[in-house]
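First the structure, in the form of C-alpha cells, and then the observations on it.
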Amino acid sequence: MSEETPTKPNNFIRTIIDADIASGKHQGRVATRFPPEPNGYLHIGHAKSICLNFGIALDYHGTCNLRFDDTNPHKENAGFVEAIKSDVRWLGYDWGDRLFYASDYFQRLYDYAVELINKGKAYVCDLTPEQTREYRGTLTEPGRNSPFRDRSVEENLDLFARMRAGEFQDGEKILRAKIDMAASNMNLRDPAIYRIRHGVVHHQTGEAWCIYPMYDFTHCLSDAIEGITHSLCTLEFEDHRPLYDWFLDTLDVEHHPQQIEFSRLELEYTITSKRKLTQLVDEGHVEGWDDPRMPTLAGMRRRGYTPASIRDFCDRIGVTKSTNNVEMSVLENCVREDLNRCAPRRLAVLHPLKVVLENYPDGQEEILQAANHPQDEAMGTREIPFTRELYIDREDFLEVAPNKKFKRLVSGGEVRLRNAYVIRCDEVIKDGNGEIIELRCSYDPDTLSKNPEGRKVKGVIHWVSAPHAVKAEVRLYDRLFNQPNPGAGGEGGAFTDHLNPDSLLTLTDCRLEPSLQDVEPGAFFQFEREGYFCRDPDRSHGLPVFNRTVTLRDSWAKIEKKGG
RNA sequence: UGGGGCGUCGCCAAGCGGCUAGGCACCGGGUUUUGAUCCCGGCAUACGCAGGUUCGAAUCCUGCCGCCCCAGCCA
C-alpha cells in the first residue's frame with residue numbers, strides 16, 4: 001500500500017500475536033489467510049476480515065493467503081471465484097503466489113480421513129439425515145450412539161473407499177468423526193466429515209470426486225497444511241474451535257494453528273448476510289450484485305466508494321468480540337474525508353432552472369478559469385464557459401426568503417455564481433400554472449474574482465452555461481432499508497419488508513459543465529454544493545450517468561429542520 | 001432447563017488494580033467565492049445490576065440481569 005499508515009490499529013488479536021512473537025511461538029512467524037467460499041460476492045463484512053488478515057500480514061512482515069473454501073460445489077461457481085479475486089485486489093491487497101483452494105487438498109484430506117479411520121476415530125454411518133438428527137439429541141439432552149458407531153476399522157476402510165468409488169447414493173452414507181454423543185457442545189456429537197454428492201461438477205476438480213469433506217474437517221487441515229499461524233474467523237465458529245483442535249490433535253500434522261474469533265460487522269440500515277444479499281439479487285429487489293445500493297464491494301465500487309475509504313473504515317471500527325451495529329455516518333465520514341482530499345471539483349445542476357442575463361450581450365462567450373480543488377493548487381484549473389443563458393438549481397431560488405439566514409437567490413436579491421459574477425434577479429417568469437420557468441437577471445461585470453463595492457453578497461450558488469451544458473442522468477441513492485437493523489428478527493426473510501422504497505431517485509434532466517463530457521466510468525468528482533459523484537459504466541440511455549456516492553455534510557439542512 | 005460468548009458516552013472503541021484514550025455523531029464559535037473543507041471549544045455520575053476483596057476496582061471474587069450463537073449430510 002502506498003498510503004501512509006500513521007497509527008496502526010491495536011486490537012486483542014494483535015495483542016495475542018505480539019505475545020506469540022515475544023514467546024517465540026511459530027518461530028516468530030505470522031501467517032494468516034482470507035478464506036471465502038465462492039458462493040456469492042464479497043461485502044463490507046468481508047472487507048473487515050480482509051483488512052484484518054492482510055493488514056496483520058503486512059504489519060508483521062508475514063504472509064496472507066487467499067484460499068477458497070470450496071467444499072460445497074452445489075452453491076459455488078467459477079464466476080464467484082473471479083469476482084472475489086478482483087474485489088480483494090481492488091481493495092488493495094495482494095496475495096502474490098499464495099492463491100489456494102481447499103479443493104487443492106482433496107487427496108490429502110482423503111488420506112487424513114483414512115488415518116482417522118485407522119485410528120478408530122471415524123466411522124461410516126448409514127443413518128438417514130432424519131435419523132441422524134434424532135440421534136443427535138437436543139441442546140439439553142445428550143445424543144445416542146449411532147448403531148454403526150462400532151464398525152471395525154477394516155469395514156470402515158472398505159466402506160469409505162466404496163463411498164469414494166461411487167458405489168453409494170447421495171445421503172446413503174456419511175463418514176463421521178467418533179467423538180462424544182453426550183458432549184454439551186453439539187459440534188462434538190460425532191460430526192459428519194464427508195458426504196456423498198453425485199452429479200455436480202466442481203468448478204476446480206470437475207467430476208474427480210463424488211465425496212466432499214465438510215468445513216470443520218477441511219478448514220483446520222487446510223490451515224495446517226499452509227502453515228497458517230493465526231486462523232481468524234467470526235464468533236459463530238467459537239463453538240467449533242474444540243473440533244478444530246480435536247482434528248489437529250488427533251491427526252499427525254506438523255502445524256497447529258490457533259483459531260481466534262472476532263465479532264462480525266453489523267452496519268446500520270443494511271445487511272451483511274450472504275444469504276439475504278443473494279435473495280435481494282435473485283428476487284430483483286436490486287439490479288444485481290453490483291447495484292450501488294448493495295453493501296457488496298462491487299456495489300460500493302460502482303457507487304464511488306474508494307478502496308482507501310473502506311480500509312480506513314475497517315481501521316476505525318476496530319476488532320473485538322462485542323456485538324456491534326456501526327452507524328452509517330462512520331462509513332460516510334470515511335468516504336467524504338478521502339474524496340474531499342482527492343476529488344476534482346465540478347459544477348453540475350441537478351434540477352435546472354433557466355436564467356437569462358439581460359445585460360449580457362447575446363452571443364458573447366467568456367472562458368473562465370476555475371480551480372479543481374480549493375485547497376490543493378497542484379490539482380490545477382479547468383475552463384468553464386460563461387454566456388447569457390445559464391442554468392441554476394431550482395432549490396437555489398425562492399421568490400421570498402423564508403428567513404434572514406437564507407442566502408441563496410431571491411426576487412430582487414443578489415447571489416454569487418461560483419467562479420463567476422454576482423447576479424441579481426430582476427424578474428420571475430411563470431407558466432400558466434404559476435410554475436417558475438425562468439429568471440430574468442442582470443450580472444455585475446465588476447465582480448469577477450472580486451467582491452462588489454459597497455455591499456456584501458453572502459450566497460454562492462453553482463451554475464452551468466445553457467448552450468454548453470452536458471445533459472446527464474444522475475442517480476441519487478439513499479439507504480437500502482428504512483430500519484437500523486433490518487436483518488434482526490431471525491431467518492423469516494421478513495427483512496425485505498424493511499426495504500426503503502426511495503432508495504433510488506433517478507434524475508434524467510441534469511446539466512453538467514462541459515468538462516464532464518467524456519469522463520471514464522469510475523471517474524469521481526465533487527459536484528460543488530451537492531456531493532461526491534462518479535461516472536457509472538451504464539451507457540444504455542445515451543446520456544452519461546453519474547452516481548451520487550454521498551452528499552456533502554449539510555449544516556443548512558439542519559438549520560432548516562430546526563427553523564421549521 | 002445444556003454449552004459457548006458479549007455487556008465502557010447516541011454509535012464504534014482504548015483500557016488488563018492507582019487521574020475512564022480516541023474516532024463518528026451532536027452542540028457552540030472562527031475562516032471561507034462550496035451553508036463544503038479547515039480551525040477552536042463543548043459533550044462536567046458512560047464502565048449492565050448487587051454485593052465482596054483492597055488504602056484504592058471498569059479492571060480481582062461471588063451472585064444476578066439482559067442480549068447473541070449452537071440441535072445442516074452449509075460455511
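Here the structure is a predicted model, which is why all the values come from computation and not from measurement. Labels below follow one simple rule: chain letters A, B, ... track the order of the sequence lines, proteins then strands, and each chain is numbered from 1.
- Within 4.0 Å of A:Ile174, counting heavy atoms only, lies at least one base atom of the nucleic acid.
- Checking the phosphate oxygens (OP1, OP2) of B:C74, a side-chain nitrogen or oxygen of A:Arg195 falls inside 4.0 Å.
- B:C26 and B:G42 make up a base pair, with Watson-Crick or G-U wobble contacts both under 3.5 Å.
- Residue contacts for A:Asn324: at a heavy-atom cut-off of 4.0 Å it reaches the sugar-phosphate backbone alone, with no base atom in range.
- The phosphate of B:G15 has OP1 or OP2 within less than 4.0 Å of a side-chain N or O from A:Asn10.
- Nucleotides of RNA chain B nearest to A:Lys450 and A:Thr132 differ in position, and the one nearer the 5' end is that of A:Lys450.
- The distance between atom CG of A:Leu235 and atom P of B:G5, rounded to the nearest whole Å, is 10 Å.
- Taking the P atoms as reference points, B:G4 lies 15 Å from B:C64, given to the whole Å.
- The phosphate of B:G72 has OP1 or OP2 within less than 4.0 Å of a side-chain N or O from A:Arg136.
- Within the nucleic acid shown, A:Lys173 has no heavy atom closer than 4.0 Å to any nucleic acid atom.
- A donor-acceptor pair shorter than 3.5 Å cannot be found between the side chains of A:Asn451 and A:Thr447.
- Side chains of A:Ile84 and A:Leu42 form a contact here, defined as non-hydrogen atoms less than 4.5 Å apart.
- Taking atom C1' in both B:C60 and B:G56, one finds a spacing of 13 Å when rounded to whole Å.
- The nearest whole Å value for the distance from the CG atom in A:Leu139 to the P atom in B:G2 is 10 Å.
- The shortest distance between the side-chain N/O atoms of A:Thr320 and the OP1/OP2 oxygens of B:C12 is not below 4.0 Å.
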Between A:Arg14 and A:Asp59, is the salt bridge (charged side-chain N to carboxylate O under 4.0 Å, His left out) condition met? List the steps. CA-CA 10 Å; A:Arg14 284 170 182 259; A:Asp59 291 343; 3.0 Å; yes
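- Taking 4.0 Å as the cut-off between side-chain N and carboxylate O, A:Arg455 and A:Asp444 count as a salt-bridged pair.
- Base pairing of B:G63: its partner is B:C49, meeting the Watson-Crick or G-U wobble criterion (both donor-acceptor distances under 3.5 Å).
- Among the protein residues, A:Leu448 comes within range of the nucleic acid bases, having at least one heavy atom under 4.0 Å from a base atom.
- B:G23 and B:A14 have their C1' atoms separated by 11 Å, with the value rounded to a whole Å.
- Here the P atom of nucleotide B:U32 and the CG atom of A:Asn340 are 18 Å apart, to the nearest Å.
- Under the Watson-Crick and G-U wobble criteria, each requiring two contacts below 3.5 Å, nucleotide B:U31 is left unpaired.
- The CE-P distance, from A:Met328 to B:C11, rounds to 17 Å in whole Å.
- The same atom, P, is picked in B:A44 and in B:U20; the two are 12 Å apart, to the nearest Å.
- Within 4.0 Å (heavy atoms only), A:Thr128 reaches at least one base atom of the nucleic acid.
- The nearest heavy atom of RNA chain B to A:Phe237 and to A:Phe527 marks one nucleotide each, and the one closer to the 5' end goes with A:Phe527.
- Below the 3.5 angstrom threshold, one finds no donor paired with an acceptor across the side chain of A:Arg241 and the base of B:G4.
- With ring centers used as reference points, A:Phe68 lies 6.0 Å or more from A:Phe80.
- Across the protein-nucleic acid pair, A:Glu134 atom CD and B:C73 atom P stand 13 Å apart, rounded to whole Å.
- Within 4.0 Å of A:Glu37, counting heavy atoms only, lie sugar-phosphate atoms of the nucleic acid but no base atom.
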Could you encode protein contacts along nucleotides 19-30 of chain B as a string, one character per nucleotide from 5' to 3', using B for base contact, S for sugar-phosphate-only contact and - for no contact, with a heavy-atom cut-off of under 4.0 Å? ----SSSSSS--
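- For the pair A:Arg164 CZ and B:C73 C1', the interatomic distance rounds to 19 Å; values are reported in whole Å.
- Distance check on atom P: B:A13 versus B:G42 gives 26 Å, rounded to whole Å.
- Look at A:Arg197 and you'll find a side-chain N or O under 4.0 angstrom from OP1 or OP2 of B:C74.
- Within the structure, salt bridge (Lys or Arg N to Asp or Glu O under 4.0 Å) contacts touching residues 372-384 of chain A (residues at least two apart or in different chains) are A:Arg382-A:Glu513.
- Between A:His462 and A:Phe527, the gap from one ring centroid to the other reaches at least 6.0 Å.
- Residue A:Asn325 has its side chain nearest to B:C12 when only B:C12, B:C74, B:G35 are considered.
- If you take CZ of A:Arg345 and P of B:U34, they are 11 Å apart, rounded to a whole angstrom.
- In this structure, B:A13 forms no base pair with any nucleotide, since neither Watson-Crick nor G-U wobble geometry is met with both distances under 3.5 Å.
- In this model, the phosphate group of B:C67 is not approached by any side-chain N or O of A:Thr323 to a distance below 4.0 Å at OP1 or OP2.
- Figure legend. B:A36 is base-paired to no nucleotide; pairs are counted as Watson-Crick or G-U wobble with both atom distances under 3.5 Å.
- For A:Ile196 and B:G72, the CD1 to P distance is 19 Å, given to the nearest whole Å.
- Considering only side-chain atoms of A:Asn72, the nucleotide from B:C74, B:G2, B:A36 that sits closest is B:C74.
- Using a 4.0 Å heavy-atom criterion, one finds that A:Lys407 contacts the bases of the nucleic acid, with or without backbone contacts as well.
- Heavy atoms of A:Arg176 sit nowhere under 4.0 angstrom from any nucleic acid atom.
- At a threshold of 4.0 angstrom between heavy atoms, the contacts of A:Asn39 with the nucleic acid are absent.
- A:Asp282 pairs by the side chain to side chain contact (heavy atoms under 4.5 Å, CB included) definition with A:Thr278, not counting sequence neighbours.
- In this structure, A:Phe237 has its ring center closer than 6.0 angstrom to the ring center of A:Tyr215.
- Residue A:Arg416 is classed as a base contact, given a heavy-atom separation below 4.0 Å to a base.
- If you take atom C1' in B:G22 and the same atom in B:U8, they sit 13 Å apart, rounded to whole Å.
- Nucleotide B:G17 carries an anti base; the chi torsion (O4'-C1'-N9-C4 or O4'-C1'-N1-C2) is more than 90° from 0.
- A cation-pi contact links A:Arg164 to A:Tyr110, judged by a cut-off of 6.0 Å to the six-membered ring centre and 45° from its axis.
- When each of B:A36, B:G5, B:U1 is scored by its nearest atom to the side-chain atoms of A:Thr140, the top-ranked nucleotide is B:U1.
- Under the 6.0 Å cut-off for aromatic ring centres, A:Phe106 and A:Tyr212 qualify, their centroids lying closer than that.
- Note on A:Thr138: a base of the nucleic acid sits closer than 4.0 angstrom, heavy atoms only.
- Nucleic acid contact for A:Glu268: none, since no nucleic acid atom lies under 4.0 Å from a heavy atom of the residue.
- Aromatic rings of A:Tyr421 and A:Phe386 (six-membered ring for Trp) have centroids within the 6.0 Å cut-off, being under it.
- Aromatic stacking of A:Trp556 on B:G35: satisfied, with centres closer than 5.5 Å and planes within an angle under 30 degrees.
- Within 4.0 Å of A:Asp239, counting heavy atoms only, lies at least one base atom of the nucleic acid.
- At a threshold of 4.0 angstrom between heavy atoms, the contacts of A:Leu127 include nucleobase atoms, whether or not backbone atoms are also involved.
- For A:His240, the side-chain atoms get nearest to B:A75 when compared with the rest of B:C12, B:A14, B:A75.
- In the interface, the side chain of A:Gln526 is paired with the base of B:U34 through a donor and an acceptor atom under 3.5 Å apart.
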